[in-house]
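Input: a single structure, listed below in structure tokens.
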Amino acid sequence: MEKQYPPIEPGHKWFKTLVIKIVFFLLGRSFHSTSKLDPDIKREIATWEEGFAFMMKIFPDGPRMTVEKRRGILKYRGSAPESADLVITFKSLESAFLLFTAQCGTCQGFAESRFIVNGDIPMAMSLTRCLNIIQGYLFPSLISRLILKRVPPMPLYKHLVRLYIYLVGVPLGL
Amino acid sequence: MLPSYYEFFNPVKIASGRKALDNLPYELRQLNVQRPLVISDKGVSEAGLTKIVTGAFADSGITLGGIYDDVPPDSSSEVVGAIAKVFRQNQCDALIAVGGGSAIDTAKGVNILVSEGGDDLLQFVGHDVLRRTLKPLIVVPTTAGTGSEVTYVAVIAHPSRNIKMTFTSVHLYPRVAILDPRMTITAPPKITAATGMDALTHAMESVICLQKNPVSDAFAMAAIELIRDNLVKVVKNGKDEEGRLAMANAACLAGAAFSNSMVGLVHTLGHATGGVAHVPHGVAMSIFLPYAFEYNLEKTEPDIARLLFPLGGAEEFGRTPAGHRARRTIEIIRSLRQNLFELCGLPRTLKEAGVAKEKLESIAQTAVNDGSLTFNPVEVDYNDALLLLKEAYE
């Protein structure tokens, strides 16, 4: 019998997609909480224009999330918006997985071309600084040391902010 | 050590050597070009360099679609628009950039408009926005520094919006880079020194920055060796054709290296100082190179030590104890700068470059928003940048 070479439909990575969706949710709500409580992030976003939005998405049609500045703070807008002023596109689900599971830092990820940035570069730099601060909250210092060039100091106040993020900010969106 | 992941791409054909420019019509024929437009500036024309280009077309059967030699030192969207108009009126089908960074970036901008259509460059700003293959672009550099002949970037000012537009796309790569010693021989000593230090910085930063990889390292190391042997020589004697060609090759190799490995803190400070205090890019590179390398020493000591081999030579490397090699590399950079200062007055400090001290804070603020900082191995915040600027001041 003649050997067949049928076309192969692309599969799905359900588990990693779910992880990234959870991370986007966690990150989006963390942006919201920290924009109210962290002095460094407040200072950083004070220079952003009202209505400025950034999006993170996975190429080509994977999970995405948008955060927007509204009334001086950052609001998590979920996956509904289809465009933003600054768009960070991860080239693959695996690339995003590496970054969001702390196997690779933001700067290292950019250096390794894991994602591309469309939009204003100074704004992307400002967002990177915010992301570094948030990663300092989300990960224990042992992990932060591996992925950040410099771990932000964690005085007592920041430990309280971390508690707020995990107990109030992420579950309740406040 | 191999990076966990890297990419390297450079599709530019390099034609280098004596009378290389005379092969330009052949290269154009290979690309099916009938009517190329030459883009250049007044300095290049006045130095007689565009005449060498037109001379190369004798008996070639190719009609030049025109020579636009009014590109200003900083390319702008207005100039790009004006040249695109000439290109369309004269029914040209390719571009030849003859000049330094400004003429080359302008040609890349013109290529976007004449290939993609329209008159508004703004819609093409950003990374990977261009979707189609552009018209053939051939670059003939007249300075040995920027490496723009082998990069996929163009930076063009938009005066009415007061912004600098950055375009990055693989479609922006020129098809051919022609390195002919006749084309850089007229550069005066100070420009030669500044552009040479720019090339050296491209090569050296590409070896220590986060996107470094074994292929870019190979390009960078070859570039540094050529600069070590030829920069001072051509500053002393600009007519040295062999030295000029070596420097043109060094700049080209360093350009291919840094456009794949990216650059870091030296460029961060240089871009900001150029933007705020209008210090020429090469001069800024020369000023900041040792300071930024000292700052990065804590995380990149082994890589900086490795640079001693191409920069100081095998004997210097051999006689320097392993633990002292990184420091020795920085010492050699300082002594090269001193040498260039004595030979042609290339500034060693921001003060010598005419920067007002009260501008340092503004420069530091601009620096922390520069994209190149992402690729620097060590974190730099506003206070760190300000401290470095103060160190480099006098």
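Only a predicted model underlies this, so the values are computations on that prediction, with no experimental measurement involved.
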Chain B contacts, top residue of A/Gly119, A/Pro122, A/Ala124, A/Cys104 (heavy-atom pairs, under 4.5 Å): A/Pro122

Test of understanding: with ring pair (Phe, Tyr, Trp, His ring centres under 6.0 Å), list the residues that count as partners of [X], not counting sequence neighbours.
| X | value |
| --- | --- |
| B/Phe293 | none |
| A/Phe139 | none |
| B/Phe288 | none |

Which portion of B/Val125 sits near chain A, non-hydrogen atoms under 4.5 angstrom: neither

Parallel, tilted or perpendicular: rings of B/His202 and B/Phe258 (30°, 60°):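 Because their plane-to-plane angle is under 30°, the rings of B/Phe258 and B/His202 count as parallel.
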
CG-CD1 distance between B/Asp74 and B/Ile156, expressed to the nearest 0.5 angstrom: 11.5 Å

Show me, pair by pair, the donor and acceptor atoms from chain B and chain A that are under 3.5 Å apart.
from: B/Ser4; atom 1: OG; to: A/Glu112; atom 2: OE1; distance (Å): 3.2
from: B/Ser4; atom 1: OG; to: A/Glu112; atom 2: OE2; distance (Å): 2.4
from: B/Glu7; atom 1: OE1; to: A/Lys91; atom 2: NZ; distance (Å): 3.4
from: B/Glu7; atom 1: OE2; to: A/Lys91; atom 2: NZ; distance (Å): 3.2
from: B/His127; atom 1: O; to: A/Asn118; atom 2: ND2; distance (Å): 2.9
from: B/Tyr295; atom 1: OH; to: A/Arg150; atom 2: NH2; distance (Å): 3.4
from: B/Lys299; atom 1: NZ; to: A/Lys149; atom 2: O; distance (Å): 3.1
from: B/Val368; atom 1: O; to: A/Arg129; atom 2: NH1; distance (Å): 2.6
from: B/Asn369; atom 1: OD1; to: A/Arg129; atom 2: NH2; distance (Å): 2.6
from: B/Leu373; atom 1: O; to: A/Lys149; atom 2: NZ; distance (Å): 3.1
from: B/Thr374; atom 1: O; to: A/Lys149; atom 2: NZ; distance (Å): 3.1
from: B/Asn376; atom 1: O; to: A/Lys149; atom 2: NZ; distance (Å): 2.5
from: B/Glu379; atom 1: O; to: A/Arg150; atom 2: NH2; distance (Å): 3.3
from: B/Asp381; atom 1: OD2; to: A/Arg150; atom 2: NH1; distance (Å): 3.3
from: B/Asp384; atom 1: OD2; to: A/Arg150; atom 2: NH1; distance (Å): 3.1
from: B/Asp384; atom 1: OD2; to: A/Arg150; atom 2: NH2; distance (Å): 3.0

Audit row: A/Phe110, B/Phe375, ring pair (Phe, Tyr, Trp, His ring centres under 6.0 Å) steps and yes/no: CA-CA 8 Å; A/Phe110 193 37; B/Phe375 303 103; 5.2 Å; yes

Non-hydrogen atoms of A/Cys130 and A/Ile45 that approach each other most closely: SG-CG2, 4.3 Å

